[in-house]
Amino acid sequence: MTIDRRTMLALSGLGLVGGTLGGAFTASAAADAAASAGVPAGGAPAGGAPAGAGGYGPLRAAGPELALPRGFSYVKFGVAGTRMSDGLPTPRAHDGQALFPAGHGSVRVIRNHELDLDIPGVTKKALGPARAYDRAAPAGCTSSLVDVETGHVRESFLVLNGTLSNCSGAATPWGSWLSCEETTDGVKAGYEKPHGYVFEVPAHARGPVEPVPLKAMGRFEHETAPIDPRTGIAYMTEDNGDPGDGFYRFVPRKPGHLAAGGRLQMLAITGEPAYDTATEQRVGEVLTTHWVDIDEPDPSDAEDGPGAVYAQGRAKGGARFLGLEGSAWAHGGVTFVASEAGDAEQGQVWRYEPTGHDTGRLRLLYESKDPETLNQPDTITVAPDGSVLLAEDGDGEDEAGGDNWLRVLTPSGTIADLAKVIAPLDLHYWNPEDFPKPGPVGASELAGAAFTRDGRHLFINVQYPGVTCIITGPWH
């Protein structure tokens with residue numbers, strides 16, 4: 001295929017001269033890749049990622065929400081406001097999600113809804129009447145049994161109720177979804193309980209679960225929490241931004257039982273205390289790392305100071321990141337993004353791999369030099385061949401005429417365009433403070449990218465007002 005301008009820009013900015021992205025993933029991680037991705041170790045990729053360096057070619061409207069390359073199509077389900085099986089309306093603001101095989105051509109989708117009072121029409125009221133962690137908190141999770149070919153919803157219902165600003169999370173190897181709150185608001189903000197925690201939802205839940213905040217995993221502005229399937233350790237990203245963000249791990253006292261407690265730690269660069277990763281970094285350079293303990297994972301001042309956990313880690317020499325968002329465990333390590341970091345403030349893609357019980361290596365895989373190439377990536381997923389899907393949370397929700405794309409950082413080190421949001425977003429309605437007059441139009445971010453186990457179907461959310469799309473096509 002013809003290499004377009006975006007791909008050429010990515011090639012010039014990648015900095016992996018004579019190498020490939022695939023070289024950043026260790027060959028010894030094949031067994032981990034199989035465990036986490038559901039494919040045979042050493043076998044062919046299960047799909048779900050592009051081959052080669054040329055991209056997919058020009059995009060064209062494949063429906064009212066998305067433009068896709070020729071040969072790709074999508075079906076959709078879970079439109080915000082549609083009635084669920086439990087009689088409740090499907091909540092808005094679709095965000096992180098996970099897929100669990102359900103047999104007979106179906107998957108179970110556990111999906112976050114990132115609702116807070118900044119969204120028009122949202123009030124201090126839980127999504128449903130049953131088992132609300134906080135009756136004044138308007139967010140939570142839903143569960144849907146969906147036919148992957150048609151998008152037909154066989155059943156859907158609320159499974160986590162009364163939480164706040166549930167952004168992303170992660171599926172666990174033992175069959176549950178970790179839902180992360182991206183706020184530390186609490187009683188001072190008019191809620192019944194403190195927020196800023198991780199909650200666990202079993203995939204087999206048949207209704208709202210008893211909501212238990214996993215306080216030992218920290219009270220901060222959580223984003224994601226992927227699990228190392230070999231050790232049960234959870235790796236977590238933080239998106240506070242000011243004064244910075246930490247990359248954390250939670251070492252459970254009993255693997256597979258997060259509620260039993262454990263130890264929270266923050267990543268530090270060995271020999272470089274309080275290292276700042278946000279600027280002046282070199283693509284491909286390997287940094288040796290270790291972990292520092294967080295003494296108080298649930299600090300009493302977290303509501304007034306959302307960076308209270310971060311400050312503890314920095315005081316012990318923990319590393320500073322900026323705008324940590326999506327992450328995914330694959331091929332023996334965690335790939336994650338720093339959305340607002342880099343010399344151009346357009347985003348970085350990092351890779352962490354453990355090398356021992358308390359040691360590891362950190363490597364910058366990619367840094368965007370130009371918003372035309374990659375504009376502040378947010379949610380990500382990693383395919384079995386090492387391709388990294390990057391959904392932007394760029395200028396689409398902040399500028400009239402702005403857009404948001406789904407990009408692919410391929411193993412050969414190129415950026416390819418996979419999808420563009422074409423559904424118009426009424427910026428005056430969604431953000432009247434910044435757009436006081438009607439007229440400006442932008443585009444919603446995409447969220448919750450997740451492949452089916454065979455790699456043939458990509459589930460992804462158009463966050464506002466909220467719909468889930470299932471994309472299929474000639475991935476290779």
Side-chain angles (χ1 to χ4, degrees), residues 3-17 19-21 24 53 55 223-224 237-247 267 269 272 274-287 319-327 335-352 362-380 382 387-410 412-421 434 442-447 449:
I3 299 178
D4 60 17
R5 176 175 176 268
R6 296 181 191 277
T7 301
M8 291 302 297
L9 286 168
L11 282 166
S12 64
L14 188 59
L16 295 177
V17 179
T20 67
L21 179 64
E223 276 284 337
T224 55
T237 55
E238 176 182 32
D239 186 23
N240 178 33
D242 183 17
D245 301 303
F247 181 66
L267 189 73
I269 307 303
E272 297 279 355
Y275 188 85
D276 190 343
T277 70
T279 58
E280 299 181 353
Q281 302 303 296
R282 291 191 299 172
V283 171
E285 182 179 6
V286 176
L287 301 171
R320 176 182 183 263
F321 295 85
L322 184 61
L324 290 189
E325 298 274 5
S327 68
T335 303
F336 60 100
V337 298
S339 182
E340 300 171 17
D343 294 339
E345 301 181 349
Q346 295 302 316
Q348 300 167 326
V349 182
W350 290 93
R351 169 82 175 170
Y352 171 80
L362 179 70
R363 179 178 179 179
L364 180 62
L365 298 183
Y366 181 81
E367 181 172 306
S368 178
K369 308 296 184 184
D370 186 329
E372 288 294 312
T373 304
L374 182 65
N375 183 203
Q376 298 189 337
D378 190 323
T379 188
I380 75 166
V382 179
S387 298
V388 183
L389 273 70
L390 304 160
E392 294 179 343
D393 183 10
D395 60 17
E397 297 169 13
D398 302 316
E399 295 181 10
D403 52 28
N404 278 310
W405 298 69
L406 178 62
R407 319 278 196 189
V408 184
L409 178 58
T410 72
S412 57
T414 64
I415 291 284
D417 298 335
L418 181 56
K420 180 183 179 181
V421 179
D434 290 343
S444 171
E445 68 176 281
L446 293 165

Quiz item: Under the side-chain contact (heavy atoms from CB on, under 4.5 Å) criterion, do Leu324 and Asp239 qualify, and how do the steps go?
Solution: CA-CA 5 Å; Leu324 290 189; Asp239 186 23; 5.6 Å; no

Exercise. Could you tell me whether Phe247 and Phe336 have their ring centroids closer than 6.0 angstrom?
Key: yes

How about [X] and [Y]: do any of their side-chain heavy atoms sit closer than 4.5 Å?
{"X": "Trp350", "Y": "Thr277", "value": "yes"}
{"X": "Leu364", "Y": "Tyr366", "value": "no"}
{"X": "Leu287", "Y": "Tyr275", "value": "yes"}
{"X": "Ile415", "Y": "Val408", "value": "no"}
{"X": "Arg320", "Y": "Asp245", "value": "no"}
{"X": "Val337", "Y": "Asp378", "value": "no"}

Would you compute the distance between atom [atom1] of [X] and atom [atom2] of [Y] and round it to the nearest 0.5 angstrom?
{"X": "Leu446", "Y": "Lys420", "atom1": "CG", "atom2": "NZ", "value": "12.0 Å"}
{"X": "Thr335", "Y": "Leu389", "atom1": "OG1", "atom2": "CG", "value": "12.0 Å"}
{"X": "Glu223", "Y": "Glu325", "atom1": "CD", "atom2": "CD", "value": "4.0 Å"}
{"X": "Asp343", "Y": "Ser368", "atom1": "CG", "atom2": "OG", "value": "11.0 Å"}
{"X": "Asp398", "Y": "Glu445", "atom1": "CG", "atom2": "CD", "value": "10.0 Å"}
{"X": "Glu397", "Y": "Asp395", "atom1": "CD", "atom2": "CG", "value": "10.0 Å"}

Practice problem: Could you check Gln376 against Glu340 for side-chain contact (heavy atoms from CB on, under 4.5 Å), going step by step and ending with a plain yes or no? | Solution: CA-CA 6 Å; Gln376 298 189 337; Glu340 300 171 17; 4.0 Å; yes

Exercise. Quick one: closest heavy-atom pair of Glu392 and Thr373, and the distance?
Key: OE2-O, 4.5 Å

Practice problem: Could you pull out the closest heavy-atom pair between Pro377 and Gly347, with the gap in Å? | Solution: CD-CA, 4.0 Å

Quiz item: Is there a donor-acceptor contact under 3.5 Å linking the side chains of Thr237 and Thr224?
Solution: yes

Self-check item: N-O pairing of Arg407 and Asp417 below 4.0 Å
Solution: yes

Self-check item: Chi angles and distances behind the side-chain contact (heavy atoms from CB on, under 4.5 Å) call for Leu362, Leu267
Solution: CA-CA 10 Å; Leu362 179 70; Leu267 189 73; 4.2 Å; yes

Quiz item: Please walk me through it: do Val421 and Asp403 pass side-chain contact (heavy atoms from CB on, under 4.5 Å)?
Solution: CA-CA 7 Å; Val421 179; Asp403 52 28; over 6 Å; no

Exercise. Kindly determine whether Gln346 and Asp370 satisfy side chain to side chain donor-acceptor pair (under 3.5 Å), including the steps that lead there.
Key: CA-CA 7 Å; Gln346 295 302 316; Asp370 186 329; over 6 Å; no

Quiz item: If you count the non-hydrogen atoms of other residues, nucleotides and ligands that lie under 6.0 Å from CD in Gln281, is the total more than 12?
Solution: yes

Quiz item: Has Glu280 got more than 12 heavy atoms of other residues, nucleotides or ligands less than 6.0 Å from its CD?
Solution: no

Quiz prompt | side chain to side chain contact (heavy atoms under 4.5 Å, CB included) against Ala341, all qualifying residues, sequence neighbours excluded | solution = Ala278, Leu322, Ala338, Gln348

